[in-house]
Number of protein chains: 2
Amino acid sequence: MTNIAYLPVRNTAGKRERTKVANRQAILDAAREVFGELGYETATVRDIIRRTGLASGTFYNYYRSKEEVFDALADDGARRFRPILRAQFEQAADFESFLRGAIQAYFDFLAKEHESWRMNRPAGETFPHARSTPEVVAVFDEVREAFDKVLEREHAPKVDLDYLTAACIAVAREVGDKMLERRPVDTQAATDFAVKLILGGLPALPRL
Amino acid sequence: MTNIAYLPVRNTAGKRERTKVANRQAILDAAREVFGELGYETATVRDIIRRTGLASGTFYNYYRSKEEVFDALADDGARRFRPILRAQFEQAADFESFLRGAIQAYFDFLAKEHESWRMNRPAGETFPHARSTPEVVAVFDEVREAFDKVLEREHAPKVDLDYLTAACIAVAREVGDKMLERRPVDTQAATDFAVKLILGGLPALPRL
DNA sequence: GGGCGATGGTGACGCCCCGTCACGATTTCA
DNA sequence: TGAAATCGTGACGGGGCGTCACCATCGCCC
C-alpha cells in the first residue's frame, strides 16, 4: 500500500520543483513591493533580489531583466482579470449589461489592486503603461471578441471593431486612473460615466 | 548712426548666448534621432551627446538626465500643438466643430510627427506614455477649459468635466495610435470615428 | 586692445548596477 | 550509495552615470 499520507509533502512533486516555484513567487512578490515603494524607474534588480534573501545571480535564473519581471506582474494581473471578464460576458443579457459588468469589474479590480501598488510611492513617479505582454494582448482580444459576439447577437450595425475596442479600453483606463485620484474612490460613478459615454456613442458610430 | 547692418551677426546677442541655444537645440535634435533609432529604453545619454560632437559633461550643463531631455521633447510637441488647438477653439461655431477640428488637427499632427519619430525603431519598443510635463498638463487644461466654455455657450447640461476631458484625450490617443498602424493612414476616418463616439455619448452622460 | 574675471566645454574618474560564470552544495536517479 | 544533473552563490568585468578640477574662450572695463 503506497499511502501518500505517510509520505511527508510528497503531494507537491520534488524539492527542486518546489523551491523553483517558491523562488519565482518570492521574486514576484518582492518586485511588487519594491516597485510600489521605490517606483519602477528607481527600482533595481538588486533591490528586488535583496528583499528575497537570494543571491543576485539567482534572479537571472528566473527573469532576464527588471522589465521582464514587470511584464510578469502585468501578465499576472491580466491573467487574474481574464476569468472575471469572461464571467461578465457569459452572464450578460445584452451589450449594455456586458459593458457595465466589465467596466464595473475592472474598476473594482483597479481599486482593490490600488492598495498593493501605490503604497508609499514618491509622488510624480509613474509606471510604464502596461506593455503588450501576451496576457495583456489576450485581454484586448477577448474584449474585442466579446464585443463582436454581443453586437452580432443584437444585430447591431457593423462598426470598426478595432477602433471601438481601443476606444473603450482607453476610456476605461483613463477614467479609472482619474477615479483613483479622487476621495472617496467611487467606482459606481466612474462606471456610470464610462458606460453612458460609450453606449451613447455606439449608435452614432460610422457604419462599415 | 549705429547701423546694425554694418555689424556682423550682432543681431543675435553674444557668442556665449548663441552657442548655448545652439547646443541645447543640437542635443534636442540628437535626442529625437537617437530615441527614434534606438528606442527610449535602449538609448543612453552618451548615445545622444556623441551625435552632437560635444563632450559628455556638456550634456549635464543643459539637462539633468535622459528623462529630462525626453520631457523637453514632449514639451516641445505640446508647445507646438497648443496654438493649433487654440485656433480650433476660436474659430469653432459649436461643440461638434470644435471637437472635430481639434481631433482632426491632432491626428494630422500625429501623422506628420510620426515620420520623425518611428523611423527605424525596433518593433515592440515602446515609448513611455507622455509624462505630466508642464506643457502637457497645459494642453490637458486647455482642452478642459475649451470644453467648459463651448458647452457653457451651448447651455449644455453640466457633466463631469474631468472625466470627459480624460475620456476624450484617451480616445484620441488610443484611436490615434491604432490609426498610425494602418496603411494607408486615414486621419479622416479616424477623426470621424472618434468624433461620433464622443458626440453621441455626450447627451447620454450623467448630469451633475 | 589688453588684461582679468566669469562662463562653460572637457574628459577622466569613481560609483553603482548590470549580467555572467565557475564553483560548490544539494537533489535526483539508477 | 555514488554519479550526474540542477541550481544557488557571489565575485568579477563591463559599461553607463553624474561630477569635478582644469582650461580655453568670451565679455567687460579700463
Side-chain angles (χ1 to χ4, degrees), chain A residues 2 4 7-31 33-35 37-73 122 125 128, chain B residues 2 4 6-31 33-35 37-72 122 125 128:
Chain A
T2 54
I4 285 192
L7 303 173
V9 221
R10 221 319 190 249
N11 43 10
T12 44
K15 179 162 189 187
R16 283 230 136 91
E17 207 55 36
R18 268 180 295 137
T19 57
K20 252 209 295 202
V21 308
N23 284 350
R24 178 163 248 115
Q25 192 58 44
I27 292 174
L28 227 49
D29 291 342
E33 287 178 27
V34 170
F35 287 151
E37 290 169 24
L38 266 36
Y40 175 76
E41 300 284 351
T42 322
T44 76
V45 166
R46 265 143 175 100
D47 289 330
I48 298 171
I49 202 66
R50 195 176 307 127
R51 190 163 300 216
T52 67
L54 296 168
S56 63
T58 306
F59 177 91
Y60 296 95
N61 286 340
Y62 294 92
Y63 300 99
R64 267 200 293 273
S65 64
K66 180 173 73 159
E67 287 71 40
E68 197 169 294
V69 80
F70 180 83
D71 285 354
L73 282 175
E125 274 285 355
Chain B
T2 53
I4 287 195
Y6 287 137
L7 302 171
V9 220
R10 222 316 193 249
N11 42 11
T12 42
K15 178 161 187 186
R16 282 233 138 90
E17 209 55 36
R18 269 180 291 135
T19 56
K20 249 203 304 194
V21 309
N23 284 350
R24 179 163 247 114
Q25 192 57 46
I27 293 174
L28 228 49
D29 291 343
E33 288 177 28
V34 170
F35 286 151
E37 290 170 22
L38 266 34
Y40 175 76
E41 300 283 351
T42 322
T44 76
V45 166
R46 263 135 176 106
D47 288 330
I48 297 171
I49 203 65
R50 195 176 306 127
R51 190 162 300 215
T52 66
L54 295 168
S56 63
T58 305
F59 177 92
Y60 296 95
N61 286 340
Y62 294 93
Y63 300 99
R64 268 201 293 273
S65 63
K66 181 174 72 162
E67 287 72 38
E68 198 170 295
V69 79
F70 180 83
D71 284 355
E125 273 286 352

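So you know, we letter chains A, B, ... as the sequences are listed, proteins then strands, and number each from 1. The analysis underlying the following values was restricted to heavy atoms, covering all of them including side chains, and did not include hydrogens, waters or symmetry mates.
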Is any side-chain heavy atom of A/Tyr63 closer than 4.5 Å to a side-chain heavy atom of A/Asp71?
-> no
May I ask you to test the A/Phe35-A/Val69 pair for a side-chain heavy-atom distance under 4.5 Å?
-> yes
Yes or no on side chain to side chain contact (heavy atoms under 4.5 Å, CB included) for B/Arg46 and B/Phe59, after CA distance, side-chain angles and deciding distance?
-> CA-CA 9 Å; B/Arg46 263 135 176 106; B/Phe59 177 92; over 6 Å; no
Testing the basics here: between [X] and [Y], what is the closest heavy-atom pair and its distance to 0.1 Å?
{"X": "A/Glu41", "Y": "A/Lys66", "result": "O-NZ, 3.2 Å"}
{"X": "A/Tyr62", "Y": "A/Glu68", "result": "O-OE2, 4.3 Å"}
{"X": "B/Ala26", "Y": "B/Thr52", "result": "O-CG2, 3.7 Å"}
{"X": "A/Ala43", "Y": "A/Val34", "result": "CB-CG1, 3.6 Å"}

Could you give me the CA-CA distance, side-chain angles and deciding distance for B/Thr58 and B/Asn61, then say whether side-chain hydrogen bond (donor to acceptor under 3.5 Å, both in side chains) is met?
-> CA-CA 5 Å; B/Thr58 305; B/Asn61 286 340; 5.0 Å; no
Strand-adjacent residues in residues 24-31 of chain B, judged by heavy atoms under 4.0 Å from DNA chain D | none
Is [X] close enough to [N] that one of its side-chain N or O atoms is under 4.0 Å from OP1 or OP2 there?
{"X": "B/Asn23", "N": "C/dG8", "answer": "no"}
{"X": "B/Tyr62", "N": "C/dG9", "answer": "yes"}
{"X": "B/Asn61", "N": "C/dG9", "answer": "yes"}

Annotated protein contacts, base or backbone, on nucleotides 14-27 of chain D with a non-hydrogen cut-off under 4.0 Å, one of B, S, - each | --SBBB-----BBS
Over how many whole Å does the gap from A/Glu68 atom CD to C/dC18 atom P extend?
-> 14 Å
